[in-house]
Structure formats: C-alpha cells, structure tokens
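Read the structure below first, then the notes.
All chains are named by letter (A, B, ...) in the order of the sequence lines, taking the proteins before the strands, and each is independently numbered beginning at 1.
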Amino acid sequence: MIGEGKPIEDAAWKVTGRKQYVADMKVPQMAYGKILYSTIPHGSIIRIDTSKAEALPGVLAVADYRNSPMTPYNSAKRFIGQQVISNETIFAQRCRFVGDRVAAVAAESEEIAAKAIRLIEVEYEPLPFVTDIPSAIQEDAYPVHEGGNVITGMETHCGDAEAAFAKCDHVIEDTYTTPPIHHAAIEPHAVLADWGPDGKLTVYSANQNCFAFRVILSDIFGLPMNRIRVCAPAIGGAFGGKLEMTIEPVAAVLSKMAGRPVKIVLSRRETMMATRVRHGSLSHVKTGFDDDGRIRAMEFKIYTNTGGYASSALNVAGALMHKVFLAYRIPDMKITSIPVYTNTETAGAMRGYGSPQIYFGMQRQINEMAGILGKDPAEIQRINMVRPDSRNPASGEPIGNPRPLDCLEKALRLSDYEKALVRQRKSKEAGGPLRVGVGIALGVHGNNCFGVHRDNTSPMIKMNEDGTCLLYTGSHDMGTDTVGMQKQIIAEILGITVDRIAAVTADTDSCLWHIGDYSSRGVFVVGEAAVKAAEKMKTLLLEEAGKYFGVEPEEICLRDNRAWVKTDPEKSADLKEIMIYCQSVSNRELCVHETYEAIRGAASYGVHIAEAEVDIRTGKVRIRKYTAVHDVGNILNPMMIEGQLQGAVQMGIGYALSEGMHWDSKGQPGPLTLKKCGVLRADQMPDQLITDFVTGKGGEPGGPFGAKALGECPVVPAAPAVVNAICNALDIELRDLPASPERILHALKGGDKND
Amino acid sequence: MESVVLNINGRDRKIQVEKNWTLLYVLREVLDLTGTKCGCGTNDCGACRVIIDGEARNSCCVQARRLEGCKIETIEGIAKGGKLHPIQQAFIDAGAVQCGFCTPGMIMSAKALLDACPDPTEEQIREALSHNLCRCTGYVKIVEAVQLAAERMREEQEGGSAS
C-alpha cells in the first residue's frame, strides 16, 4: 500500500465530468453576483451612484463601501488572535490598484448583474501611484498606505558576512528581478454564499483554507463561529492563489442583502486582475568565494512587491529568509527582506512562497562563480551543498536528512551531463545559429510552518458497524491527493483496503480545526497526523478484537480487512464481526481524533538540470532535455508525486521563459488572458523530461513512513536552471525573469545587464 | 429568443436560445451539463472543449444557434452505461488526473484525435492537446494516458473485428 502508485482518489468523478466544482453548483433561489473594479491605480471615490443599477429589473442587491461592513482585515490571517496588518476591506473607498473592488451586484441572472454593474457611476479623485519597487521605495513616493510603502525590514544572519567578504578571494555582487505572475489554476475563483434566514452563513468556496476564512468572515461580520460554515467542495487548482480570501465576503454581503444564496464566478480576466499574484522581487545578491570553489559568505537584500494590501506581505518576505540557510555550508550569511506596497494587484502565496524569488539570484551567482573560477558548476554545487549531518547555521538546529548531494549525483547521471557539456562546447565551436547550453540549479523548500506559527491538524476517524470507516479531515485536496494520501496511511495501519475508507473533508462544520493547506505541509504534517490518528484507532480495534477472541490485545494483528490471533491462524474475523461485537456487546462506538502539532521542521531538496537550445537569431529557447531529481524522503505514492513534479517543471519553465505580469505607465495590468500569460502548452514542454527521486536514504525523521514534501520545492530550481543553461550557451549574464527572446537578444548585443 | 434543436450526445434537445448564447452557456446553464468547464471564455484554455461533428472545439466561442443539425458530444456522453470510455479509464490508470478541471476538455480533445487517428505519434498527441492548458501535470501523464487509450482502443477494435 505505502509506496504503491495509485491515481487520485476522486479520479473517476473528474474524468466523467461529475465532480462538482463551486461554479457547477446551483441551489434553489440562487442569485448571481458580479463585481465592479477600480479602473484607476490609485484614487478615492468621491461619488458613486448606484441608483440606475438598483432600478434595473432583476437586481436584488447593490453593495459598496457605504452599505457594507468596513472592518479592515488581512486576507491571509490564519487563526484566531493572530496579529496581522489589517488594511483591506470588502469594498474600497480609496482604491489602490486597477482591480480593487468598488461595488457588487446580485441579480436574478448573470446577464442582469453584468448589465447593472455597467450602470454604476463612479467618480474618482486620482492620486499619484507607483507600480514598481524602485519607484515605491523612493523617499518622496506617494504612500499606498499611511506610514509609507516600505512595510518593514526583516533581517536574519549567521556569522559575520561583512568580515568574511573581506577575506574572500572573489566577491561578486549584482541585482536580480523576478516578475509577479498569475497562478493560472484552470478553475477561476468561485464562491457561493448563503446567508440563511436564521442568521447562519454558509460559504462554498474553492479555497485552501476554510478555517482561516471562517476566522476572517467572523471578524468582518461579527458572527460567532457556530453561525459560519465554510467548505471547499472541490478545488480546480490553487497553487497558493486560493489561500487568501478574495471574493467570499462579497458574496456573503450580497447574500445577506438579497436574502438569497449568491454565486460569484470570476472570469479569467477578473481572476488575473483582481485576486492574487506571486510577489515580484528585486534582490541584491553578494557572494564571496575562494579559488577552491568554497563559498565563504553570502548576503541578500530582497524587496518584495506586495501590491495594494498587506495580505501575505510579512509572511512571504519572512518565510523566504529562512530558505537561504538550508542549501549550502556557508558560515557567514545575512539576509534582509523588505516587503513594499505598490499600486498593483495584491500579491499573495504562490507555490514556492518567496523561494523562487530568492533562489533565482542565488543560483545565478553559483553559475557565475563557476565561470569565474573556470570550474564545472556541478563541482561548485558538490563542494558547498549541505550534508545529512549539517545544521542550519542560523538556528543551529539539525536540518534532518537533507540529500541534495544525492539529488545532484543522480541528476548528473540521468541527464548524461558530461555529454551535454560536450554538446554545449561543440555548439559554440560550430558557431551556428542554434546554441546548446546546460544549466544546473538547486532548490530548497520547507515542509510546514514549524517555528513560524501554529502548525497543527486534527484528523478524526470513526468506525462504522460494518468494519468500514470514515475519515474527517480539515485538509483540502487541490489535486495532489492529500485526502487519498491520508486514506492510504490509515489503510496501512489498520490493515484494511483503501476502499473501506470514506472521507469528509474541508468543512468547518464537520471537521476538526485545521490550519490550512499550504507550505507543503500535506505529507509531513497532515500525513503524520493521519498516522497518529490511525494508531489510536488501531489500539481500540485490537482491544475489541482481543475481547472478541478472549485474548490480550497484543495477541491480535490487523490485516486484509480482518483481525487475526497471531498465534492461531485459524482464528480470524472480518472487522465487520469485530465492530458488530463492539457495538452490541461492548456497547461502544469507536471514534478517535488526534490534535497533531508538527514536532520539527523539515527541508526538501531538488536539483534540476536543463539543456537548452537557443536560436541566436530570434532569442527563442527550446528545452531539449530537462532532468529533475528530488529528495522527498520515502515515497508514499509514486504515481501522484511524479505527476506533481512534472507539473512543477511546467510552472518553473514558464517562470523562466515566458510568464510575467506588468503594469503600464497608466497603472493598467497585463496580460489578462491565458493566451498571452505565457503558460506552457503541451507542445512547448521539453523534448525529454526526466523526473526521479532519491530513495533508500533512510527517510525523513518525523514524517509519515519517513516521507516529506515535494509540493512547492520543484518550482524553486527550475527558473535558474533554465536561465543558467541559456547563459552558458551564449556566454551572457541574464539577471531578470522572464528570460524572454527580447532580453536574450538584448544581452547578446551586449545590452545593459539589468534591464 | 429563438428555437433551436441541438443534437447533444445522440439526443435532440429543443431549446430556446438568445442570439449571443454560446454553446458552453447552453450546456452548463440551460441543460445542466456542467462536466464541460469554463476556464477562460476567451478560446484559450480548452477546458470547455467538446466535439462538434467530429472536431474538437472550444464551446465558449461557438454560438449555440448556429449548431442546428450538428452532432455535439460532451464529456457526459462518452461513457456507455456504467462503463467508462477507454480514454476516461486510461486517464485514471495513467495518473493523468490531478485537480481535474482541465480533464473533461483534455479527454474530448483526445477523443477527437483518436476517433480520426487511432495510432497517433507523440507529436500528434501533443499538437492535439496544445489547445488545452493544464497547470498541474506538465502534460506528461496526459500524453501517456492518450497513448494507453489508443493502444487499448486498437486492441478492442482488433478483438472486435476478429470475433
């Protein structure tokens, strides 16, 4: 069971089109909601006239800042009592980016709602605006929020980087940028809110954090939690983009006003313009190293563009700082992280949570180092990578069982690296229009929120009288089989088949509190919680089976859906018999739960090797061969984890080459279509994609069956691996993502390094 | 409103449509055939793909009223009774399903391809799927699923003609 590949547990629902996503839902008396967004990047609303919209037949409610709660909130608040910067409201009075919510309408049909939205008149008093980090951090920049655009500056360090740089043989220093990008989950954001006549609010939402949404909705509307139910019936992809609350309170307020359930389904344009993006970044990176290839010191100063509202500003900027200490054995390091407001779409969580941004510059410099020393980049990686017994130099804590070196060696072998280097050299010698380059990068990511804030999950298991069982889990399955993984674990421990387990998931009324599905915590925390809960249930089953057979519990074992007396193979009974006995003779229901708090953090690693072919006439890049090898401890489900890794490669190469949102001189965002947003299609994927894992290395301590996360980690090394390959093919230095054909051609012509 | 008869999954459906109603709107909102998804509405992602007269097309950009007399197939129509279509089964077996939102459209693209070309090359498969975006899988297992389905369908065909 554990270690056996199996498809996602609801695959049959999905291939038949019968999986019910929120946009598919219809309930009696349901109305349709539409939102009006700010058309200007910054300005106060001085007049808003909704009378024509209200007069339109079929319109049920029109909401804006004047008739809706103006309680400021933070859309990334995770738990009750958490201290966060709260500066977002359901509707804006002062709009802070193109796409800020101005008003909303509920109507009998989507068409009427859309028509009513067009009838709302808004007059703004425009304010100066900033859309990029360098402008926003100017002292005289117009503040997006009171107090200025620099939200804070956070710093972490180990040793003394300044002093170490002075002793290094070489020091390199440069500036790198990464753009905001759209998550591009294929399902646009959708919500159905039903504010019942009894005052209870039910919210069906495609989201990653029902319990957090309940907290925020409770804050906004002043409702006690027994009068809010949030559940996620299905999620059509999220990648962090559905972790923070966006349209849920809009639907709630409309439902309350209309006295009807209200569904809002965003268009793609709205999802791209008005939900969340990955933080854009600008980072100064400095690396000091010696002739032998040892990195002696590194220093980072990174600015993250958090857009119009605080939301994840501190979380992402804070989280990324810790990642840089997990890669190499560098005694002296310092990182400063500065989140910055701009008049652009609010940035939030996205797969990688700051790591893709900070690792881009870091991994580019490792490659540059190799060039300066005339060494193979693989050798630089090898010399410096952390070893299994390494400690985090900032915290002094052991890292766990980090295996980047094994990833590297396996990736070198699988990619046939030596031959790739030969192809790189020969293509340069040949001097033709197509140049081949090979690039390596290391990526690291965490497994949970350990050390940052509460990190629990609480599964519950209930036995049915026929020996089957029900799992109640607050976790949300975004397509990674989080729920199936828990079933797999429970099945293994209870000695039953997976088909004997059903699950109730992601529902605040039915499940115990769960902190949400993010930070790659699915396997390491949620999986381990399932282990603990299943072990508790096992104890109860052994007890009941012992009584049934008249032996001690220790003499019982569970397998093949049966309880067995270890010493007497003749004596066994289906769990159904045991449960009938339990219910009728012991007069007992079996139900257990585990409040599991992660016992430590863990780090996952991946090494990617890209072999790119660049056309120097057009700047176009084709990835000929791509190798990704990851350290995930022991593998629970090889089929799903392989698919997840392959998907991350697509996301990472898009970040490297083609994805990126920008705001023009008028503060207007683009692109706002999937056609133009640069997500790779099936015929743009690498000609050859090799994915593999490091196994048999003892697993990760504290993880279920020695497993740890894949999750976010593989989007971290992808972009620098690809850009390193391009740079090695052309002997250029690219420091900005995406490495578009224009940027490549510009660099080939000897253009400025950092534009 | 005008009256139109649409042949959907082998059945004539007489419905009233507005001029600008897309096939996607009619499927989802009028006929409750919500297996066909909307990922963009701008002809870019293929989540709404259906088969019209043998050709895979995005239903978000086709006016329903122009489809009288056409044979329309949707994800709801391809399983026979309780038995999944071989492409659906192959998507499960190959691990090609993650969040599932692109899956129906992917399957319809694959079906149009395999109906016309039972033994496609990988390049042909990738071309056929290039109209569908997926953000979870990197397309690898989807391509493998189509290959697996093609193989099974050919075997079925050969088995069928031999008996």
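Electrostatic pairing of B:K19 and B:E2 does not count as a salt bridge here, judged by no charged N lying under 4.0 Å from a carboxylate O. One finds a salt bridge joining A:D10 and A:K14 here, because a Lys/Arg side-chain nitrogen approaches an Asp/Glu carboxylate oxygen to under 4.0 Å. No salt bridge links A:E187 with B:K37; every basic N to acidic carboxylate O contact stays at or beyond 4.0 Å. Of the charged side-chain nitrogens involved, none lies within less than 4.0 Å of a carboxylate oxygen, so that A:K625 and A:D687 do not count as a salt-bridged pair. The residues B:R126 and B:E122 are annotated as salt-bridged, a charged nitrogen and a carboxylate oxygen being separated by less than 4.0 angstrom.
Interface summary for chain B: among A:D683, A:T691, A:I653, the most heavy-atom pairs under 4.5 angstrom belong to A:D683. Ranking A:Q684, A:R681, A:K675 against chain B, the residue ahead of the rest is A:R681, based on heavy-atom pairs under 4.5 Å. Of the listed residues (B:D44, B:V140, B:L84), the one with the most heavy-atom contacts under 4.5 Å to chain A is B:D44. Of the listed residues (B:L133, B:V97, B:I142, B:I75), the greatest number of heavy-atom pairs within a distance under 4.5 Å of chain A belongs to B:L133. The residue among A:E110, A:M272, A:H183, A:K19 with the most heavy atom pairs within less than 4.5 Å of chain B is A:H183. Between chain B and the options A:K676, A:M640, A:E659, heavy-atom pairs under 4.5 Å are most frequent for A:E659. Between chain A and the residues B:A128, B:G41, B:C134, the most heavy-atom pairs under 4.5 angstrom are made by B:C134. The choice from B:R28, B:E76, B:E127 that makes the most heavy-atom pairs within less than 4.5 Å of chain A is B:R28. Of the listed residues (A:E642, A:M639, A:Q646), the greatest number of heavy-atom pairs within a distance under 4.5 Å of chain B belongs to A:Q646.
Proximity to chain B (any heavy atom under 4.5 Å) is shown, for A:V679, by both the backbone and the side chain. Proximity to chain A involves both the backbone and the side chain of B:F101, based on heavy atoms less than 4.5 angstrom apart. Looking at A:T16, the atoms closer than 4.5 Å to chain B (heavy atoms on both sides) sit in the backbone and in the side chain alike. Interface residue A:L680: only backbone heavy atoms are found under 4.5 Å from chain B. Heavy atoms closer than 4.5 Å to chain A are found nowhere in B:A79, neither backbone nor side chain. Looking at B:I92, both its backbone and its side chain come within 4.5 Å of chain A, counting heavy atoms on both sides. In this structure, chain B has no heavy atom under 4.5 Å from any part of A:A238. Only the side chain of B:I107 comes within contact range of chain A, judged by heavy atoms closer than 4.5 Å. Only the backbone of B:D93 comes within less than 4.5 Å of a heavy atom of chain A; no side-chain atom from C-beta onward does. Residue A:L689 touches chain B through its side chain alone, counting heavy-atom pairs closer than 4.5 Å. Both the backbone and the side chain of B:K141 come within contact range of chain A, judged by heavy atoms closer than 4.5 Å. Neither the backbone nor the side chain of A:Y626 comes within contact range of chain B; no heavy atoms are under 4.5 Å apart. In this structure, chain A has a heavy atom under 4.5 Å from the backbone of B:H131, while its side chain stays farther away. Contacts between B:T103 and chain A at a heavy-atom distance below 4.5 Å involve the side chain alone, from C-beta outward. Looking at B:E123, there are no atoms closer than 4.5 Å to chain A (heavy atoms on both sides), in backbone or side chain. Contacts of B:A94 with chain A are made by backbone atoms alone, with heavy-atom separations under 4.5 Å and no side-chain atom involved.
Atom-to-atom distance recorded for B:L67:CG and B:I52:CD1 is 5.0 Å, nearest 0.5 angstrom. With rounding to the nearest 0.5 Å, the separation of OG1 in B:T36 from CD1 in B:I72 is 10.5 Å. How far CG of B:N132 is from CE of B:M106: 4.5 Å, rounded to the nearest 0.5 Å. Distance check: B:C61 SG to B:L24 CG gives 9.0 Å after rounding to the nearest 0.5 Å. To the nearest 0.5 Å, the span separating OG on B:S109 from CD1 on B:I51 amounts to 8.0 Å. If you take CZ on A:R268 and OG1 on B:T42, they are separated by 8.5 Å, rounding to the nearest 0.5 Å.
Annotation: side chain of B:C48 is not in contact with side chain of B:C38 (no heavy-atom distance under 4.5 Å).
For B:R65, the CZ atom is densely surrounded, since the number of other residues' heavy atoms within 6.0 Å is greater than 12. Heavy-atom neighbours of B:R152 CZ from other residues, nucleotides or ligands within 6.0 Å: above the threshold of 12.
Cation-pi geometry between A:R351 and A:Y655 is not met: the NZ or CZ atom fails to fall both under 6.0 Å from the ring centre and inside 45° of the normal.
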